[in-house]
Amino acid sequence: LILEEDLAFFQFGILNNHGSALPEYRGSNTLKWSIMEGEEWLGITWHGISADVDAGPIWMESRIPIDPNITAWELRADMIAEGIRLFPQAWQHFRFHDIAPRLPDLTGGRLWPPIKPEDGIIRPGLTRRKVKDIIRASCAPWPRAFILKGEMQIFVDGISECAGANTLTYTTVDDGVIHLHKMEDGEP
C-alpha cells in the first residue's frame with residue numbers, strides 16, 4: 001500500500017512494470033497465478049502507481065504467449081525481456097503524456113493474494129492440466145508443488161506417463177493415471 005502523501009513526493013509519479021494484464025490480474029505473484037489459472041497469454045503492463053493496488057493509468061501494454069510447457073521462472077525471463085522492450089515507449093508516454101493512458105476498470109478484474117506454499121498442494125480431484133499448471137507455477141526458486149501423504153509433504157517437479165522408482169501415482173478426474181516425479185532430495 002502506498003499512501004497518497006508519499007506519491008505526492010514524486011513530481012511525475014512512479015512508473016511500474018506489472019507482470020500481467022490489468023485489471024484482470026492485480027496484486028502479487030500474478031505471473032504464477034496466470035499459469036495456475038490456465039491462461040494462454042501473459043499481459044505485460046507499464047502503469048503509474050496509485051494508492052490502490054495496480055490501479056493507476058496504463059501507459060503501455062503488451063502480451064506474450066504462455067507456452068503450456070514453460071515454467072514460471074522461464075516465463076518470468078520472457079516477461080522481463082518484453083518489459084524492457086516496451087520501456088522506452090512507456091517512459092515516453094508516462095513522462096510527456098503524449099497519449100491518453102488507459103484507465104483500468106477495477107470492476108472487471110481481481111486482486112490476487114500473494115502465493116503461499118499451500119497454493120502448491122496437489123489435492124485429489126484435479127485435472128491433468130491443473131496438476132501440470134500447479135507444478136509449472138511452483139518451480140524453483142519459489143516454494144515447490146507437493147502432494148500430501150498423511151502428514152508428510154512430498155515435493156514434486158514433473159509429470160510422466162510411466163511409473164518409475166521415483167514417481168507417485170495420481171489419478172486425475174479427466175484422463176486417468178499420471179505419475180508425479182518426486183524431487184531427488186525430497187525438499188524444495
Side-chain angles (χ1 to χ4, degrees), residues 1-68 70-123 125-127 129-139 141-143 145:
L1 180 66
I2 298 177
L3 301 175
E4 289 287 350
E5 56 265 24
D6 293 334
L7 287 172
F9 179 77
F10 299 93
Q11 178 182 0
F12 302 110
I14 303 170
L15 184 63
N16 182 61
N17 182 243
H18 184 72
S20 68
L22 293 176
E24 294 83 2
Y25 281 89
R26 296 170 50 227
S28 298
N29 307 113
T30 52
L31 175 146
K32 294 177 67 172
W33 283 120
S34 294
I35 292 174
M36 281 201 256
E37 292 298 307
E39 298 291 347
E40 294 180 4
W41 297 92
L42 179 71
I44 313 298
T45 309
W46 282 100
H47 69 98
I49 296 288
S50 67
D52 289 328
V53 176
D54 298 327
I58 296 170
W59 293 101
M60 196 76 198
E61 57 192 328
S62 178
R63 66 183 193 160
I64 57 175
I66 300 176
D67 182 291
I70 199 169
T71 67
W73 187 252
E74 294 163 330
L75 183 60
R76 180 180 179 273
D78 293 346
M79 176 200 74
I80 291 168
E82 180 66 1
I84 290 169
R85 186 187 74 76
L86 294 175
F87 177 74
Q89 282 184 288
W91 180 254
Q92 171 76 25
H93 299 327
F94 171 75
R95 177 66 180 86
F96 298 105
H97 292 173
D98 58 351
I99 65 164
R102 181 173 73 82
L103 301 176
D105 176 7
L106 301 184
T107 63
R110 177 175 170 189
L111 182 59
W112 293 80
I115 295 264
K116 301 178 294 300
E118 54 267 25
D119 293 318
I121 297 174
I122 299 171
R123 301 179 188 282
L126 300 176
T127 65
R129 166 115 189 230
K130 186 67 172 182
V131 170
K132 184 178 178 182
D133 290 344
I134 290 171
I135 292 170
R136 292 185 316 124
S138 305
C139 65
W142 300 296

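Index from 1, following the sequence.
- Counting only distance, with no hydrogens or angles, the side chain of R63 and the backbone of L42 share no donor-acceptor pair below 3.5 Å.
- Taking each heavy atom of C139 and A72 in turn, the nearest pair found is SG-N, 3.7 Å.
- Residues passing the side chain to side chain donor-acceptor pair (under 3.5 Å) test with S20, sequence neighbours excluded: H18, T30.
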Report task. Kindly determine whether K130 and D133 satisfy salt bridge (Lys or Arg N to Asp or Glu O under 4.0 Å), including the steps that lead there. Result -> CA-CA 5 Å; K130 186 67 172 182; D133 290 344; over 6 Å; no
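- The closest donor-acceptor contact from the side chain of W33 to the backbone of P113 lies under 3.5 Å.
- Summarising the geometry, atom CG belonging to N17 is positioned 6.5 Å from atom CD1 belonging to I44; distances are rounded to the nearest 0.5 Å.
- Residues I66 and E40 form no side-chain contact, since every pair of their non-hydrogen atoms from C-beta on lies 4.5 Å or further apart.
- E4 and A51 get closest at one heavy-atom pair: OE2-CB, 3.2 Å.
- Here the CG-NE2 distance, from L15 to H47, works out to 8.0 Å after rounding to the nearest 0.5 Å.
- From L75, atom CG reaches atom CD1 of I35 across 5.0 Å, with rounding to the nearest 0.5 Å.
- Applying the ring pair (Phe, Tyr, Trp, His ring centres under 6.0 Å) criterion to W73, with sequence neighbours excluded, gives W142.
- The shortest distance between side-chain heavy atoms of W59 and T45 does not fall below 4.5 Å.
- Looking at heavy atoms from C-beta onward, W41 lies out of side-chain contact with I64 at the 4.5 angstrom threshold.
- In this structure, CE on M79 lies 6.0 Å from CG on L31, to the nearest 0.5 angstrom.
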Please report, to 0.1 Å, the donor-acceptor pairs under 3.5 Å made by any side chain of residues 98-112, with sequence neighbours excluded.
residue, atom, partner, partner atom, Å
D98, OD1, H93, ND1, 2.7
D98, OD2, Q92, NE2, 3.3
R102, NE, E61, OE2, 2.9
R102, NH2, L22, O, 2.8
R102, NH2, E61, OE1, 2.9
D105, OD1, T107, N, 3.1
D105, OD1, T107, OG1, 2.6
D105, OD2, T107, OG1, 3.1
W112, NE1, E24, O, 3.2

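- Residues K32 and S138 approach most closely at NZ-CA, 4.5 Å, considering heavy atoms.
- Here the straight-line distance linking atom OG1 of T71 with atom CZ of R76 works out to 11.0 Å at 0.5 Å rounding.
- For F94 and W46, the ring centers sit 6.0 Å or farther from each other.
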**Report entry** Worked verdict on Y25 versus E39 for side-chain hydrogen bond (donor to acceptor under 3.5 Å, both in side chains)
**Finding:** CA-CA 11 Å; Y25 281 89; E39 298 291 347; 2.7 Å; yes
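- Nearest heavy atoms, I122 versus A145: CD1-CB, 4.2 Å.
- N29 places a side-chain N or O within 3.5 Å of a backbone atom of I115 that can act as its donor or acceptor partner.
- I49 CD1 to I14 CD1: the interatomic distance, rounded to the nearest 0.5 Å, is 6.0 Å.
- Between the side chain of R129 and the main chain of G38, a donor-acceptor pair closer than 3.5 Å is present.
- Considering only heavy atoms from C-beta on, I134 comes within 4.5 Å of L126 through its side chain.
- What you find for R85 and S62 is that their closest heavy atoms are NH2-OG, 4.1 Å.
- Residues I121 and D119 are not in side-chain contact: their nearest non-hydrogen atoms beyond the backbone lie 4.5 Å or more apart.
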